[in-house]
There are 2 protein chains.
Amino acid sequence: MTYCVAMSLAQGLVFVSDSRTNAGVDHISVFRKLHVFGVPGERLIVLQSAGNLATSQSVISLLRQRLDGVGEHLHNVPSLFAAATLVGDTLREVLAHDESATLNQGIELGCSFLLGGQIHGQAPALYNLYPQGNFITSSEDTPYFQIGESKYGKPILDRALSYQTPLELALRCALISFDSTIRSNLSVGMPLDLLVYKTDSFEVPSGFRVREGDAYFEGIRQQWCGGLSTLLGQLAEAPGDYWV
Amino acid sequence: MTYCVAMSLAQGLVFVSDSRTNAGVDHISVFRKLHVFGVPGERLIVLQSAGNLATSQSVISLLRQRLDGVGEHLHNVPSLFAAATLVGDTLREVLAHDESATLNQGIELGCSFLLGGQIHGQAPALYNLYPQGNFITSSEDTPYFQIGESKYGKPILDRALSYQTPLELALRCALISFDSTIRSNLSVGMPLDLLVYKTDSFEVPSGFRVREGDAYFEGIRQQWCGGLSTLLGQLAEAPGDYWV
């Protein structure tokens with residue numbers, strides 16, 4: 001499984017992905033699921049993937065190979081909408097190739113992508129691409145998307161995140177969402193890859209890898225866990241009729 | 001969907017169930033999923049159900065009807081293990097009846113049960129019955145079970161609950177677990193049914209229904225939500241290299 005979250009906020013974009021892939025409980029590996037495209041000063045396009053690894057790797061490989069070609073690619077598409085369309089079309093191309101193979105033994109080949117970034121002269125944008133290759137975009141009402149194992153980490157996002165949340169606080173919120181998921185689900189695991197983009201900076205950040213034992217992440221995990229227990233203890237006691 | 005949680009702790013047992021059932025998004029109803037059997041002074045047996053409502057209602061109806069019969073029933077079984085076996089067998093009986101019908105049009109008929117309680121002379125116990133009718137029991141290492149829409153509400157249980165958690169604090173923890181689930185998932189809804197049993201009391205509590213707008217529950221929901229935001233704001237800021 002996988003867990004990825006992406007946020008499109010007033011101050012910019014936040015992307016966090018785990019790196020665990022598994023086939024059953026035996027075949028567990030580390031693969032990067034956060035992929036950065038861009039031209040410094042002009043555009044940043046970040047892709048996160050969940051689902052069938054063969055499919056998502058093929059899509060990313062084709063997108064990278066074509067950057068040097070003459071056709072439309074992620075470094076020359078005129079908008080993020082066009083970028084999302086291109087990724088969806090590439091996904092359909094990979095699926096059409098693999099699904100036509102006679103060896104497709106009932107395996108789920110689909111995968112999902114989150115695509116976010118900014119192209120000079122346009123506002124930042126965030127898209128959620130379905131396994132069918134179509135997509136939706138975020139809004140001020142719904143400023144974040146998740147793909148993969150999303151349920152454990154959703155409550156803290158629903159409670160604490162809004163479009164106006166400052167970027168650094170949103171990053172903390174995303175990290176706590178990952179902590180909740182990692183504690184409750186074996187299929188999501190360290191290290192985490194994250195990238196924060198400030199609106200109109202037109203930088204192409206390389207992102208940061210949070211490794212097992214990272215001092216800051218371990219610190220806030222402990223602070224959060226202790227704080228939650230304290231908070232639970234501070235809630236008013238249940239009235240007598242709850243006990244009857 | 002449904003969400004039920006049951007805990008077997010040093011001081012006793014806690015059961016909380018939501019009451020929303022739905023078929024798609026249209027056919028939404030309120031049905032009780034927490035069912036109490038018992039003989040005051042001698043035994044308490046609580047059943048919670050998730051899954052196909054026709055199946056779980058049939059199982060509960062048969063168990064109730066047979067309380068007056070001569071055979072084995074929940075008011076005369078010698079142990080909670082025997083009670084869990086009886087419920088599993090009754091589930092298999094219902095499934096065998098309905099699955100043999102020619103009208104089973106690919107509908108999922110299965111359901112899950114949590115069964116907990118105490119019989120005089122024995123320790124309290126808690127069982128998780130699978131849709132196949134077999135079951136597992138809780139332990140000091142794993143003192144709680146969930147059925148239904150369990151993921152949203154699992155992180156707080158994993159963080160804050162242990163076998164030694166006092167009963168009243170465990171109840172608060174369960175209520176917060178429900179709040180997290182209700183906020184993030186439309187298929188779980190109010191009112192909630194809850195029941196708290198103190199070990200060796202051999203009472204048969206009627207339980208309490210937490211209705212929409214309940215002053216205590218609303219109070220702790222707000223207190224929790226505000227507390228989480230405060231706690232998130234108190235975490236250390238991410239170091240500079242997280243931002244690169």
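Just so we're on the same page: letters track the sequence lines, and every chain starts at 1. Excluded from the calculations below are hydrogen atoms, water molecules and symmetry mates; all remaining heavy atoms, backbone and side chain alike, are included.
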### Heavy-atom contact with chain A under 4.5 Å, split by part of B/Leu157
neither
### Task
With rounding to the nearest 0.5 Å, note down the distance linking NZ in B/Lys151 to OG1 in A/Thr181.
10.0 Å
### Message
Could you measure the distance from the OG atom of B/Ser184 to the OH atom of A/Tyr152? Nearest 0.5 Å is fine.
### Response
13.5 Å
### Task
Examine whether an atom of A/Tyr197 lies under 4.5 Å from a heavy atom of chain B, and if so say whether it belongs to the side chain, the backbone or both; otherwise answer neither.
neither
### Message
Looking only at heavy atoms and a cut-off of under 4.5 Å, which of B/Gly219, B/Gly233, B/Ser150 has the most pairs with chain A?
### Response
B/Gly233
### Query
Roughly how far, to the nearest 0.5 Å, is CG of B/Leu169 from CG of A/Leu232?
5.0 Å
### Query
Are a donor atom and an acceptor atom from the side chains of A/Arg159 and B/Ser180 found within less than 3.5 Å of each other?
yes
#### Entry: Approximate separation, where rounding is to 0.5 Å, of B/Leu235 CG and A/Gln223 CD
4.5 Å
### Task
Under 4.5 Å heavy-atom distance to chain B, tell me which part of A/Leu171 shows up: side chain, backbone, both or neither.
side chain
### Task
Between chain A and each of B/Gly153, B/Gly227, B/Ser229, count heavy-atom pairs under 4.5 Å; write down the option with the most.
B/Gly227
### Donor-acceptor pair, side chain of B/Glu237 and main chain of A/Glu168, under 3.5 angstrom
no
### Query
More than 12 heavy atoms of other residues, nucleotides or ligands under 6.0 Å from CD1 of B/Ile136: is that the case?
yes
### For chain B, the option from A/Asp158, A/Leu228, A/Ile220 that forms the most heavy-atom pairs under 4.5 Å
A/Leu228
### Query
Looking at B/Val14, B/Val210, B/Leu175, which makes the most heavy-atom pairs under 4.5 Å with chain A?
B/Val210
### Message
Rounded at 0.5 Å granularity, tell me how far CZ in A/Arg172 sits from CG in B/Leu231.
### Response
10.5 Å
### Task
Select, from B/Asn185, B/Thr230, B/Asp179, B/Leu167, the one with the greatest count of heavy-atom pairs under 4.5 Å involving chain A.
B/Asp179
### Message
Pairing donors with acceptors under 3.5 angstrom, does anything connect the side chains of A/Tyr242 and B/Asp214?
### Response
yes
### Query
Between B/Glu149 and chain A, which part of the residue has a heavy atom less than 4.5 Å away: side chain, backbone, both or neither?
side chain
